[in-house]
Amino acid sequence: MKTAKDYLDEANAQVTRIPAKEAIGKHGGDALFVDVRDSGAIAKTGTIKDALRAPRGFIEFMADENSQFHEPKFRKDADIHLVCGAGGQAALAGKTLKEMGFEKVTNIGGIGDWKEAGGPMED
């Protein structure tokens, strides 16, 4: 039987984690930044400026072009950077996106890493 650690290890093996400083260099261009935390967590800390808010439990519906809840910013050719509280949810969401055919997906870790590196924020 798999454990949470097993799932996380698999996700981390498939989704590259990049430092927040590197991700900041991509912000403001064509890259799509996605916060996979729920709205309550985002309300407490804020999020990356202009980030798409796609909760991990709903990301499949937002990313699926055949879903009534599809978010057009999710394009198969998009350069997608995921953030969460500490990096675990972002890794798991990234693995899901890769399984759905998205190729350019990275984990930028936790929102605290982004803030500490001086990344632009919004409420």
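Because the structure is a prediction, the values reported are computed rather than measured.
Glu10 approaches Lys2 most closely through the heavy-atom pair OE2-NZ, 2.9 Å. Nearest heavy atoms, Gly110 versus Arg17: N-NH2, 4.0 Å. Taking both residues in full, the closest heavy atoms of Met121 and Trp114 are given as SD-CD1, 3.5 Å, listed atom of the first, atom of the second, then distance. What you find for Lys95 and Ala11 is that their closest heavy atoms are CD-CA, 3.8 Å.
For the pair Ile80/Phe74, a side-chain contact is recorded, criterion being any heavy-atom separation below 4.5 Å from C-beta on. Residues Leu82 and Leu97 are in side-chain contact: their nearest non-hydrogen atoms beyond the backbone lie under 4.5 Å apart. Side-chain contact check for Thr47 versus Glu122: some heavy-atom pair is nearer than 4.5 Å. Between Arg75 and Leu32 the shortest side-chain heavy-atom distance does not fall below 4.5 Å. Annotation: side chain of Ile48 is not in contact with side chain of His81 (no heavy-atom distance under 4.5 Å).
Atom CZ of Phe61 sits about 15.5 Å away from atom CD of Glu71, to the nearest 0.5 Å. Summarising the geometry, atom CD1 belonging to Ile111 is positioned 8.0 Å from atom CD1 belonging to Ile42; distances are rounded to the nearest 0.5 Å.
Heavy-atom contacts from other residues, nucleotides or ligands closer than 6.0 Å to NZ of Lys76 number more than 12.
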